[in-house]
Amino acid sequence: MTTSRAGHTSHTSGASGASGASGASGASGASGTSRTGLTFEDLVAEAAAASVDGWDFSWFEGRATEERPPWGYARAMGERLADASAVLDIQTGGGEVLASAAKLPPLMVATEGWPPNVAKATALLHPRGAVVVASPEDAPLPFADAAFDLVTSRHPVRTYWDEIARVLRPGGTYFSQQVGPASAYELVEYFLGPQPEENRMARDPERARTAAQKAGLTVTDLRPVRLRMEFHDIGAVVHFLRKVIWMVPDFTVEAYEPQLRSLHEKIESEGLFLTHSTRFLIEARKPQA
C-alpha cells in the first residue's frame, strides 16, 4: 500500500467479518440484471453513493467476505492494553479497532492524518479518555523520546521504525498487524495488469523484520498468513476500491468502466470473484538500556 489519502490510513481488510462464505451462483440475463434483481448501473450507483469514512466494513455484509487471521489482533491488542500504562496507537483510522478494547490504559493516545477520520476517532475515543492527535502518517511522531511502553498499529500505510523505536521506552513493545505482499493482487491486476515484482514484494514480512532490527528493536514474533477473500457483486468491488484507495490509486468508476462491466459479467456467471489478502503479525521489543 503505497499511497494514502491525505494521511488516510490503511486499515484495510476487506470485506465483512464472515469467514469463507461463498456467493450464490447464477448468470445475468440479457438485460444485464444481476441475480439480485439490480442492474450493473444500480449496483455501481449504490456503491458510489455509500460513505467511505472510517473503517466500518458493515456495508459489505452479504456482498463480500474475507477470512480473518488466526491470531485475533483486536483481542490480542486489548490484552496488551490492559497491562500497559502509556500507549500510542498509530494511524488509528476512525478509532474502531482501538475502541473495541475493554480497557484502555491511564494514558491512551492515537494519531490519525485524514481529517474525516480524526473527527470520527475523536468522537468515538474521547469519551473513553483517549486523546486523538492529528498527525500526517509520513511526519515524525509529535511525542518525546521514550514516551510509551506500548505502541500499536493495525494496517499502517508505512511503518517508520526509527520513530517507533524513538518513542518506545526501554523494554517497551511494538505490536502490529500489517498488510503483507501482493495482497488482493488478483483484483489489483484485473484493473492494472501485471505488476512489477518489486511492487508485489514491497510488504514482505522479512523486510519488516530487517527494518525493525536496523532500528534497534528485537523481533519477538512474526507470523504471515494468506486469506481467502470473495466479492459477490460488482457494487462490493466498487465500494472496496473507493475505500481502500491504494489498491488502484487512480480508481474512478468512469475511468475503469470497461473493466467493471467485464468483472460484473464474470461475477454473475461464476457467482463470485476470488482473490487473496495477505497479513502478518509482528511484535518487536526495545531492549532495556
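No hydrogens, no waters, no symmetry mates; every other heavy atom, side chains included, goes into these values.
Side-chain contact between L274 and L272 is present, with heavy atoms from C-beta onward closer than 4.5 Å. Between P70 and V225 the shortest side-chain heavy-atom distance falls below 4.5 Å. Looking at K120 and W114, their side chains never come closer than 4.5 Å, going by heavy atoms from C-beta outward. In this structure, L281 and P69 have side chains that are not in contact, with every pair of non-hydrogen atoms separated by 4.5 Å or more. The side-chain heavy atoms of V87 and L104, taken from C-beta on, include no pair separated by under 4.5 Å. Annotation: side chain of T173 is not in contact with side chain of D149 (no heavy-atom distance under 4.5 Å). Residues V131 and H126 are not in side-chain contact: their nearest non-hydrogen atoms beyond the backbone lie 4.5 Å or more apart. Proximity of H264 to L43: side-chain heavy atoms (C-beta onward) are separated by under 4.5 Å at one or more points.
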Derivation and outcome, salt bridge (Lys or Arg N to Asp or Glu O under 4.0 Å), residues R207 and E198:
CA-CA 12 Å; R207 293 188 182 185; E198 175 59 27; 3.0 Å; yes
Apply salt bridge (Lys or Arg N to Asp or Glu O under 4.0 Å) to the pair R279 and E66, showing each step before the final yes or no.
CA-CA 12 Å; R279 303 284 181 265; E66 182 184 17; 3.1 Å; yes
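Here the shortest heavy-atom pairing between F280 and L222 reads CD1-CD1, 3.7 Å. Residue A48 comes nearest to V238 through the heavy atom pair N-CG1, 4.4 Å, listed as atom of the first residue, atom of the second, then distance. The minimum heavy-atom distance linking V52 with H239 is given by the pair CG1-CE1, 3.8 Å. Closest heavy-atom contact between G171 and Q288: CA-NE2, 3.6 Å. Across all their heavy atoms, T92 and A121 have their closest contact at CG2-CB, 4.0 Å. Nearest heavy-atom pair, P287 versus T218, reported as atom, atom and distance to 0.1 Å: CG-OG1, 4.1 Å.
A distance-only check finds no donor-acceptor pair linking the side chain of T111 to the backbone of V133 [under 3.5 Å]. Within the 3.5 Å criterion, the main-chain N or O of A165 finds a donor-acceptor partner in the side chain of K286. A donor-acceptor pair under 3.5 Å is formed between the side chain of R242 and the backbone N or O of A50. For the pair E79 (side chain) and M77 (backbone), a donor-acceptor distance under 3.5 Å is absent.
To the nearest 0.5 angstrom, L98 atom CG is 6.5 Å from L81 atom CG. R158 contributes atom CZ, which lies 13.5 Å from atom OG of S153 (distance to the nearest 0.5 angstrom). From R63, atom CZ reaches atom CH2 of W59 across 3.5 Å, with rounding to the nearest 0.5 Å. L187 CG to H276 NE2: the interatomic distance, rounded to the nearest 0.5 Å, is 12.5 Å. The structure places OG of S262 at 10.0 Å from CD1 of I267, a figure rounded to the nearest 0.5 Å.
Listed by chain and residue number, nothing satisfies the side-chain hydrogen bond (donor to acceptor under 3.5 Å, both in side chains) test with K214 (two or more places apart in sequence, or in another chain). By the side-chain hydrogen bond (donor to acceptor under 3.5 Å, both in side chains) test, E283 is found to be paired with R80, residues two or more places apart in sequence or in another chain being considered.
Applying side chain to side chain contact (heavy atoms under 4.5 Å, CB included) to V132 and the options V109, T122, L124 leaves one that passes, T122. For the side chain to side chain contact (heavy atoms under 4.5 Å, CB included) with E163, the qualifying choice from L141, L168, V151 is L141, the only one to do so.
Cluster membership check: Y160 does not share its hydrophobic cluster with I282, using side-chain heavy-atom separations under 4.5 Å among Ile, Leu, Val, Met, Phe, Trp and Tyr. F143 and L217 fall within a single hydrophobic cluster, where Ile, Leu, Val, Met, Phe, Trp and Tyr are joined by side-chain heavy atoms under 4.5 Å apart, directly or via other members. Under the 4.5 Å side-chain heavy-atom criterion for ILVMFWY residues, no single connected hydrophobic cluster contains both M201 and W246.
Salt bridge status for E67 with R226: absent, with no side-chain N to carboxylate O gap under 4.0 Å.
For residues 248-257, the salt bridge (charged side-chain N to carboxylate O under 4.0 Å, His left out) pairs, not counting sequence neighbours, are E257-R261.
Side-chain contact annotation: R228 with T65, donor-acceptor N/O pair under 3.5 Å absent. Between the side chains of Q177 and W71, a donor-acceptor pair is found at a separation under 3.5 Å. Using modelled atom types and a 3.5 Å distance limit, the side chains of S183 and Y185 yield no donor-acceptor pair. Side chain to side chain, E112 and S135 fail the donor-acceptor criterion of an N or O pair below 3.5 Å.
Using a 30° and 60° split on the angle between ring planes, F273 and Y190 fall in the perpendicular class, above 60°.
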